[in-house]
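Both backbone and side-chain heavy atoms feed into the values below; hydrogens, waters and symmetry mates do not.
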Amino acid sequence: DRTADDLLAQVMLDWGLPLSLKIEQLSVSGKQVFKVADNSLYACFDNGIDEALAKEIAKDQPLRVVFRDAGFKDDTAKSNVKQLLKQLSPETEMKVL
């Protein structure tokens with residue numbers, strides 16, 4: 001029942017990122033994505049996360065990306081997103097809450 005802002009703050013603190021960093025809200029493939037300090041962290045807590053979103057995010061080569069576990073369409077989508085990020089943006093660390 002936590003808001004996207006709450007989750008983002010928790011993730012930033014967990015990764016040791018100061019809450020004072022610049023945070024932008026983007027619409028990527030119709031989903032709300034938080035972009036922290038250019039490409040330090042991308043976070044999406046929406047539902048229906050799929051490969052199209054992963055491809056768009058991977059173009060920016062973020063250092064870290066985080067999703068909600070319940071946000072994926074299904075387990076297959078979760079696996080596919082993880083594999084896509086490894087292929088398209090190998091330096092990106094993916095975390096699922």
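D74 places a side-chain N or O within donor-acceptor distance of the main-chain N or O of T76, the cut-off being under 3.5 Å. D50 places a side-chain N or O within donor-acceptor distance of the main-chain N or O of L53, the cut-off being under 3.5 Å. Distance alone, capped at 3.5 Å, places no donor-acceptor pair between the Q61 side chain and the P90 backbone.
Note on ring orientation: taking the six-membered ring where Trp is involved, the planes of F34 and F45 are tilted (angle from 30° to 60°).
When the side chains of ILVMFWY residues are joined at heavy-atom separations under 4.5 Å, either directly or via intervening members, L8 and L26 end up in two distinct hydrophobic clusters. Criterion: ILVMFWY side-chain heavy atoms under 4.5 Å apart, direct or through other members. Under it, V36 and V28 are not part of a common hydrophobic cluster. Residues L7 and V33 fall into different hydrophobic clusters, defined by Ile, Leu, Val, Met, Phe, Trp and Tyr side chains chained together at heavy-atom separations under 4.5 Å.
Here the side chains of I23 and M12 are in contact, with some heavy-atom distance below 4.5 Å. Side-chain contact between K22 and D38 is absent, with no heavy atoms from C-beta onward closer than 4.5 Å. Using a 4.5 Å cut-off on side-chain heavy atoms (C-beta onward), V66 and W15 make contact. Between M94 and V81 there is a side-chain heavy-atom pair separated by less than 4.5 Å.
Nearest heavy atom pair, residue Q32 against residue D46, reads N-OD2, 2.7 Å. Of all the heavy atoms in S29 and E56, the pair that sits closest is OG-CG, 3.6 Å. Here the closest heavy-atom approach between residue I49 and residue A77 is recorded as O-CB, 3.9 Å.
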Set out, in order, the CA-CA distance, both residues' side-chain angles and the distance that settles side-chain contact (heavy atoms from CB on, under 4.5 Å) for F72 and V96, then state yes or no. CA-CA 10 Å; F72 291 95; V96 178; 4.1 Å; yes
